[in-house]
Amino acid sequence: MKTIIEPFKIKSVEPIRFTSEEERRSILAEAHFNPFLVKADDVLIDLLTDSGTSAMSAKQWAGIMEGDESYAGAKSFFRFERTVKELTGMSFVIPTHQGRAAEKILFSIIGGKGKFIPNNTHFDTTRANVEFSGAEAVDFMTEEGRHPEVEADFKGNMDIAALESFIRDKGAANIPACFITVTNNSGGGQPVSMANIRDTKAMLSRYGIPLFLDACRFAENAYFIKLREPGYADRSPKEIAQEMFSYADGVTMSAKKDAIVNMGGFLALNDESIAAQARTLLIITEGFPTYGGLAGRDLEAIAQGLEEVLDEHYLKYRIRSVAYLGDKLTAAGVPILRPPGGHAVYIDAKRFLPHVPPNEYPGQSVVCDLYVRGGIRSVEIGSVMFGKYATDGSLISPPLELVRLAIPRRVYTQSHIDYVVEVVIDSFKHRERLRGYAITFEAPALRHFTAHFRRLS
Ligand SMILES: *Cc1c(COP(=O)(O)O)cnc(C)c1O
């Protein structure tokens with residue numbers, strides 16, 4: 001098999017500012033050992049997130065110039081609406097400034113006290129918006145998705161049996177909608193199979209509960225189905241995506257992911273009454289229904305991005321380049337969540353640093369070392385992000401301590417990734433020298449963004 005090359009040429013470049021290990025040591029100390037507080041200019045390879053960090057194409061930039069900025073009825077809206085309708089089959093399309101705005105509007109209408117929203121795994125903003133409405137967010141991740149070392153094709157799947165017994169227990173009337181997140185971001189970027197989406201829909205239909213897709217990474221999920229699910233090898237990613245959406249009654253989308261733009265999102269659905277209420281809220285909080293918190297140029301770029309993301313050469317390169325990073329780390333013995341996800345590789349910090357207990361934040365220790373050693377910015381997804389305190393002040397840790405290396409779309413080349421591999425392996429070789437951290441300052445909510453740390457000796 002020949003090397004899978006980047007399916008693009010580079011026309012516009014952005015220089016990387018180089019720093020020495022010595023400089024990074026003091027930059028990190030000044031940032032209180034929290035990479036969220038490091039300036040982007042002091043980062044060599046930024047793997048903090050794949051959200052809004054993608055490189056747009058020449059055609060998307062051309063769309064930025066062509067955007068129709070009319071207040072009402074802009075041409076760009078109709079191109080955007082046509083593209084989303086053709087892809088999702090939904091009757092009503094509502095643009096929002098990003099994914100969480102679509103969530104806020106939807107859950108303000110269907111959520112509320114006494115309601116339950118099931119999901120394979122809620123993304124953090126989705127959970128926050130469900131809970132803000134007064135409803136309860138409940139996850140039904142399949143058993144194999146809970147084990148980082150288990151190799152399986154569709155670890156993002158919904159546990160349908162558990163979901164059905166939950167519905168029987170709580171009553172369908174208290175469950176206004178059920179979500180499936182594709183790919184399962186919080187579960188490691190793992191895909192959901194077509195069979196699982198179809199079977200979830202069939203079961204929900206018996207109870208009259210609508211199915212929504214949190215579709216941020218729908219194209220990556222479609223390509224995993226093509227690669228892994230019998231019967232889909234000869235179907236195009238677009239046909240597969242259309243079939244995925246055909247089982248849904250609604251969609252929330254962050255365009256900052258698989259629409260390959262820096263800002264944007266939408267809510268699309270078939271229920272006319274919810275759509276009418278959503279448009280009313282949209283006008284109050286986002287903008288007029290034909291722009292909804294975005295500029296006309298953003299709508300052009302999203303429409304173009306939604307077409308480009310389904311290109312088979314793009315998806316082959318995308319999924320393969322993330323797997324390339326994951327497989328090289330596995331070959332070197334670095335413990336990662338297997339198999340690699342669609343948008344990120346997750347280092348298993350518990351196995352990477354067995355001598356650092358969860359209450360000394362092993363993930364944060366790896367994150368700091370990757371920054372000092374190689375200028376790579378990653379993010380801890382473990383006790384820093386999700387840790388809670390018991391009444392006696394002791395830390396309650398989540399089951400996994402992970403470090404996420406998220407890959408922005410079309411931004412880094414293979415040599416950048418080879419460099420990342422070298423730095424992680426180097427860190428792994430010196431892992432016995434890594435020490436834990438203590439938190440010296442934290443905010444009451446979402447503490448990982450602003451926390452300060454102290455290195456333990
Ligand atoms: C990013 C993301 C969201 C929220 O979208 P924003 O554009 O960041 O508001 C919701 N769900 C999933 C799965 C995501 O990855």
Side-chain angles (χ1 to χ4, degrees), residues 36 47-54 84 88 94-108 111 117-133 137 139-141 145 155-158 177-192 197 211-222 224 241 244-245 248 250-268 282 285-286 292-294 298-299 301-302 305-306 309 318 322 341-344 346 379 381 385-386 402 404-409 446 448-449:
F36 276 106
L47 307 184
L48 188 67
T49 175
D50 67 320
S51 177
T53 53
S54 301
V84 175
T88 65
I94 295 167
T96 58
H97 81 274
Q98 61 185 99
R100 69 196 67 184
E103 295 166 354
K104 173 78 171 73
I105 288 172
L106 180 68
F107 295 122
S108 302
I117 307 288
N119 201 318
N120 48 347
T121 312
H122 282 86
F123 179 66
D124 54 9
T125 64
T126 322
R127 170 175 289 277
N129 274 301
V130 168
E131 290 173 353
F132 188 74
S133 82
D139 292 342
F140 293 94
M141 196 206 258
K155 289 173 80 173
N157 277 356
M158 176 78 88
C178 172
F179 270 71
I180 294 181
T181 303
V182 291
T183 56
N184 191 336
N185 184 5
S186 308
Q190 300 294 321
V192 179
I197 299 174
L211 174 65
F212 274 69
L213 292 187
D214 178 342
C216 297
R217 296 177 184 81
F218 73 94
E220 291 169 7
N221 199 84
F224 277 120
M244 284 161 47
F245 287 120
V251 177
T252 56
M253 172 82 187
S254 168
K256 301 172 73 169
K257 323 292 170 45
D258 267 353
I260 326 186
V261 295
N262 305 119
M263 189 53 71
F266 59 81
L267 168 66
L282 187 80
T285 60
E286 292 277 298
L294 292 169
D298 297 325
L299 296 168
I302 292 171
L306 287 173
V309 77
R318 170 72 177 159
V322 175
H343 67 291
Y346 297 70
V379 64
I381 301 190
M385 193 180 273
F386 296 123
L402 302 173
R404 186 180 73 181
L405 307 170
I407 313 298
R409 293 165 186 77
L446 297 171
H448 55 287
F449 289 127

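Start at 1 and go down the list; that is how both ligands and their atoms are numbered. Every heavy atom of this structure was used, including side-chain atoms; hydrogens, water molecules and symmetry mates were not.
- Partners of D298 under the salt bridge (charged side-chain N to carboxylate O under 4.0 Å, His left out) rule, at least two apart in sequence or in another chain, do not exist in this structure.
- Of the listed residues (R100, E131, E103), just one forms a side-chain hydrogen bond (donor to acceptor under 3.5 Å, both in side chains) with T126, and that residue is E103.
- A side-chain contact (heavy atoms from CB on, under 4.5 Å) with M253 is found for one member of L267, I302, T88, D258 and no other, namely D258.
- Here D50 pairs with R409 in a salt bridge; the nearest charged N to carboxylate O distance falls below 4.0 Å.
- Cation-pi contact between K155 and Y346: absent, since separation from the ring centre below 6.0 Å together with deviation from the ring axis within 45° is not met.
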What are the polar N/O contacts of ligand 1 with the protein below 3.5 Å, with distances?
unit_1, atom_1, unit_2, atom_2, d
ligand 1, 5 (O), S254, OG, 3.4
ligand 1, 7 (O), Q98, NE2, 3.4
ligand 1, 7 (O), G99, N, 2.9
ligand 1, 7 (O), S254, OG, 2.6
ligand 1, 8 (O), Q98, NE2, 3.3
ligand 1, 8 (O), R100, NH2, 3.0
ligand 1, 9 (O), Q98, NE2, 3.0
ligand 1, 9 (O), G99, N, 3.3
ligand 1, 9 (O), R100, N, 2.8
ligand 1, 9 (O), R100, NE, 2.7
ligand 1, 11 (N), D214, OD1, 3.3
ligand 1, 11 (N), D214, OD2, 2.8
ligand 1, 15 (O), N185, ND2, 3.0
ligand 1, 15 (O), R217, NH1, 2.9
ligand 1, 15 (O), K257, NZ, 2.7

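- Counting all heavy atoms, side chain and backbone alike, M158 lies closest to F179 at CE-O, 3.3 Å.
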